[in-house]
Structure formats: structure tokens, C-alpha cells
Trainee: 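I am attaching a structure below and will ask some questions about it afterwards.
Reminder, nothing fancy here: chain letters follow the sequence lines and each chain counts from 1.
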Amino acid sequence: MPELPEVETVRAGLEQALRGARIRCVEMHRTSLRFPLPEDFAAYLEGERLNAFRRRGKYLLIELENKGLLLAHLGMSGRFTVLPPELPPEQGGWSRTRHDHIIFHMQGGTRLVYTDPRRFGLMDLIRDGNWREHRLLASMGIEPLGNAMNGAFLARAAQNRRMPLKSFLLDQRIIAGLGNIYVCEALYRARLSPRRMAHTLGQGARPGLRAERLARAITQVLREAIAAGGSSLRDYAQSNGELGYFQHAFTVYGREGEPCRTKGCKARIAKITQSGRSSFFCPHCQR
DNA sequence: AGCTCGACCTGCACGC
DNA sequence: TGCGTGCAGGTCGAGC
């Protein structure tokens with residue numbers, strides 16, 4: 001269920017559990033996720049050390065010692081689980097079920113399991129380590145928690161876009177990492193309607209004001225979600241099969257018909273469909 | 001060039 | 001209980 005904060009939580013958890021670990025072998029139960037895996041995927045990785053765990057948007061980049069990078073995206077339903085060295089199932093050990101597609105066996109017996117019921121996730125090898133030119137990464141937009149993120153950037157990026165703000169913010173070529181939930185939450189905080197046309201962001205009596213509000217809202221929402229996700233890292237590291245995903249107390253997402261939480265507002269949260277996805281917002285507070 | 005929409009998958013909650 | 005329907009946190013790429 002990963003948007004940027006969840007992927008960042010996974011990244012930090014993997015780093016804590018597996019940095020420096022060496023792959024002994026890779027057990028494949030699928031040759032294809034969203035895309036076919038490289039034919040030599042398992043063989044290529046065997047013997048490699050995992051040097052570092054990075055993130056770009058919603059992608060995980062796992063740095064190998066000598067052979068470039070392992071790229072992974074969790075899609076809608078992907079997750080990684082770290083398991084301690086094997087115990088027999090009758091002693092509480094783990095046993096594979098049908099959506100556990102890839103098992104990385106580390107030296108020392110720790111295992112990393114990739115599970116993904118819907119198989120919208122992907123993995124690939126970036127053999128030369130030059131991830132910026134990878135076809136899936138080359139046209140990605142800015143990191144929303146990076147230095148480039150501010151009102152001026154948003155206003156400039158939006159100025160010729162004749163599309164709703166919702167679609168604008170979901171476009172990974174502009175900002176990399178936002179998904180349906182955090183876009184809804186950020187727009188609520190910025191008091192901007194998901195239906196507002198993107199190019200109007202910089203209009204009004206004080207140009208830049210709306211864009212500034214939106215930039216701040218995005219940054220805040222993501223930071224808070226990561227901070228809260230971080231607190232579940234212990235569960236993650238215990239690897240009890242639960243990722244300990246951040247269960248955010250969402251302010252608008254999934255709250256159709258419930259009261260708006262803005263003080264003094266009597267309106268109820270509305271749900272509309274925009275480019276095939278649900279948007280939740282307060283029709284009174286968000287303009 | 002920019003935008004919308006279908007397609008890719010499985011599981012689950014719901015109504016009949 | 002069983003079945004059909006719609007929906008789900010993503011995104012690529014065809015087609016307008």
C-alpha cells in the first residue's frame with residue numbers, strides 16, 4: 001500500500017535489517033511481476049553484498065557491492081518481509097504461501113521475502129549502476145521532500161497545465177512519490193479543491209500564495225507520515241510477517257459522508273471520481 | 001504535446 | 001452459501 005512514506009519506511013527497515021548482508025541464493029517462484037524479470041536475475045545476484053538502500057519517488061534502489069543496483073517497486077500490494085534463519089514450521093517457522101514470489105536467502109540464514117498478490121510491483125537490474133537513465137526513472141519529477149520543492153516550483157510546473165490539481169499532483173513526472181491518499185490529504189490541508197485547474201494555482205490577488213500553501217501541505221503530510229511510519233519500524237524489524245505499515249488517521253481519505261474536521265465547518269466529506277480514482281475532499285473548505 | 005482511459009492482477013466487502 | 005459487482009494505496013502506453 002505504498003506511497004512515498006510507506007516506501008521510505010520499508011527502505012529504512014531494510015537498511016536496518018540487511019545492510020551489508022550478502023546474498024547466498026535467490027529462490028524464484030515467478031519469472032515475471034509487472035514485467036518479466038531478467039533471465040539471469042537469480043544468478044546475477046548470487047554472492048553480491050547489499051551495500052545501501054536508497055529511494056527515488058516510490059522506487060527502492062538497492063546498491064550492490066560490485067554489480068550496480070537492484071531496482072524494486074511495490075506496486076499496489078507488494079511488500080518485503082525479513083525473516084530470521086529458518087525454523088521448522090511446527091516451531092513457529094515461516095512457510096511460503098502463494099503470493100510469496102521471490103525469496104532472497106542471505107549468508108547466515110536471514111531471508112528477505114517479496115510478496116505481491118496483484119503483481120503490479122516490479123524488479124529490475126541496473127547493471128551499470130546508472131539509475132538516472134533507466135527507462136522507468138529517467139522522466140521522474142522532483143523529490144517532494146527535496147530542496148526543489150516549493151511554491152515557486154509548483155506554480156511554474158502548473159502554469160500551462162489544463163488538468164485538475166488532483167491529476168497534476170499524481171503525475172510522477174512532476175512530483176515523484178505522491179499517491180492517491182497523500183494527494184487527497186495535502187489538498188485538504190492546503191484548502192484547495194482537487195477539481196481546481198492546475199494552471200490557476202498561481203492566480204489571484206497574491207500570486208504564489210496558493211502554491212506556497214500547497215507546497216507546505218505536501219511536505220508536512222509526508223514528513224508526518226514518515227515520522228509515524230518510523231515508529232512502527234520495530235515491528236518491521238521483528239519480521240513477524242507484518243510490515244507495520246503506517247496506519248494514518250486520515251483526515252479526508254476514506255471518510256465520505258463523515259463530518260469535516262475543520263473547526264466550525266459543518267460540511268461532510270465528499271467523494272468524486274477523477275481520472276478513474278477516488279478523490280475525497282471537503283466541498284466547503286477546499287476551493 | 002497533453003491528457004484520458006484501459007489494461008495489468010487478486011482479494012475483499014457488499015448486495016441479492 | 002454462492003455468485004456477481006465494484007473497488008483498492010500504481011503506472012505504462014494506446015489512442016484521441
Trainee: Determine the contact category for A:Y59: base if any of its heavy atoms lies under 4.0 Å from a base atom, sugar-phosphate if only primed atoms, P, OP1 or OP2 are that close, otherwise nothing.
Mentor: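 Contact class for A:Y59: sugar-phosphate only.
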Trainee: Check A:G141 against A:A176 and note the closest heavy-atom contact, atom names and distance.
Mentor: O-CB, 3.8 Å
Trainee: What is the distance, rounded to the nearest whole Å, between atom CZ of A:R56 and atom P of C:dT11?
Mentor: 12 Å
Trainee: In this structure, how many angstroms lie between the P atom of C:dG10 and the CZ atom of A:R79, rounded?
Mentor: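 To the nearest whole Å, that distance equals 17 Å.
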Trainee: Please give me every residue in residues 129-143 of chain A whose heavy atoms get under 4.0 Å of an atom in DNA chain C, ordered by residue number.
Mentor: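 Per residue number, the list reads A:R135, A:L136.
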Trainee: On DNA chain B, compare the nucleotides closest to A:R34 and A:R98; which residue's is nearer the 5' end?
Mentor: A:R34
Trainee: Please determine whether a side-chain nitrogen or oxygen atom of A:H73 lies at a distance below 4.0 Å from atom OP1 or OP2 of C:dG10.
Mentor: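 So the side chain of A:H73 is outside the cut-off, no N or O lying under 4.0 Å from OP1 or OP2 of C:dG10.
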Trainee: Among A:E6, A:E3, A:E8, find the residue that satisfies the salt bridge (Lys or Arg N to Asp or Glu O under 4.0 Å) test when tested with A:R55.
Mentor: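 For A:R55, the salt bridge (Lys or Arg N to Asp or Glu O under 4.0 Å) test succeeds with only one of A:E6, A:E3, A:E8, which is A:E8.
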Trainee: Kindly assign one of parallel, tilted or perpendicular to the pair A:H101 and A:Y114, based on the angle between their ring planes and the thresholds 30° and 60°.
Mentor: tilted
Trainee: Just how far, in rounded Å, is C1' of C:dG10 from CG of A:L178?
Mentor: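 Atom-to-atom, A:L178 to C:dG10, this comes out as 13 Å.
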Trainee: Identify whether the distance between the nearest side-chain nitrogen and carboxylate oxygen of A:E15 and A:R11 falls below 4.0 Å.
Mentor: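 Salt bridge between A:E15 and A:R11, a charged N being under 4.0 Å from a carboxylate O: yes.
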Trainee: Using the heavy-atom set of chain A and a strict 4.0 Å cut-off, write down the first and last nucleotide of DNA chain B that makes it in, 5' to 3'.
Mentor: B:dC3 to B:dG11
Trainee: Output yes when a side-chain donor or acceptor of A:E185 lies under 3.5 Å from a complementary backbone atom of A:V252, and no otherwise.
Mentor: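 Pair found, side chain donor or acceptor close to backbone of A:V252.
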Trainee: For the backbone of A:F168 and the side chain of A:D171, can you confirm whether one donor and one acceptor N or O come within less than 3.5 Å of each other?
Mentor: no
Trainee: Within the distance-only criterion (no hydrogens, no angle test), does the side chain of A:R255 pair as donor or acceptor with the backbone N or O of A:P259 below 3.5 angstrom?
Mentor: yes
Trainee: Donor-acceptor pair, A:K271 side chain versus A:F281 backbone, under 3.5 Å?
Mentor: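 Not confirmed, A:K271 side chain does not pair with A:F281 backbone.
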Trainee: Roughly, in whole Å, what's the span from CZ in A:F120 to P in C:dG9?
Mentor: 11 Å
Trainee: Apply side chain to side chain contact (heavy atoms under 4.5 Å, CB included) to A:D40 and list each qualifying residue two or more places apart in sequence or on a separate chain.
Mentor: A:P38, A:Y44, A:L125, A:R127
Trainee: Just the atom pairs and distances: protein N or O near nucleotides 5-8 of chain C's N or O, under 3.5 Å.
Mentor:
from	atom 1	to	atom 2	distance (Å)
C:dA8	OP1	A:S278	OG	2.4
C:dA8	N3	A:R118	NH1	3.1

Trainee: Identify every side-chain donor-acceptor pair in residues 102-112 of chain A under 3.5 Å, counting partners at least two apart or on other chains, and give the distances.
Mentor:
from	atom 1	to	atom 2	distance (Å)
A:H105	NE2	A:E27	OE1	2.6
A:R111	NH2	A:P84	O	2.7

Trainee: A:Y253 pairs by ring-ring contact (aromatic ring centres under 6.0 Å, His included) with which of A:F280, A:Y182, A:Y188?
Mentor: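 Single ring-ring contact (aromatic ring centres under 6.0 Å, His included) partner of A:Y253 among A:F280, A:Y182, A:Y188: A:F280.
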Trainee: Tell me the stems DNA chain C sits in, counting at least three consecutive Watson-Crick or G-U wobble pairs, each under 3.5 Å on both distances.
Mentor: B:2-8 with C:10-16, B:10-16 with C:2-8
Trainee: Which value, in whole Å, describes the distance between the P atoms of nucleotides C:dG9 and B:dC3?
Mentor: 22 Å
Trainee: Reckon A:K58 has a side-chain N or O less than 4.0 Å from the OP1 or OP2 of C:dG9?
Mentor: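 Result: no.
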Trainee: Quick one: does any side-chain atom of A:R19 pair with a main-chain N or O of A:F53 as donor and acceptor, under 3.5 Å?
Mentor: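 It does not hold such a pair.
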Trainee: Evaluate salt bridge (charged side-chain N to carboxylate O under 4.0 Å, His left out) for A:E224 paired with A:R189, printing each intermediate quantity in order.
Mentor: CA-CA 13 Å; A:E224 286 174 27; A:R189 286 200 192 200; 2.8 Å; yes
Trainee: For a 4.5 angstrom cut-off between non-hydrogen side-chain atoms, does A:M149 reach A:I175?
Mentor: yes
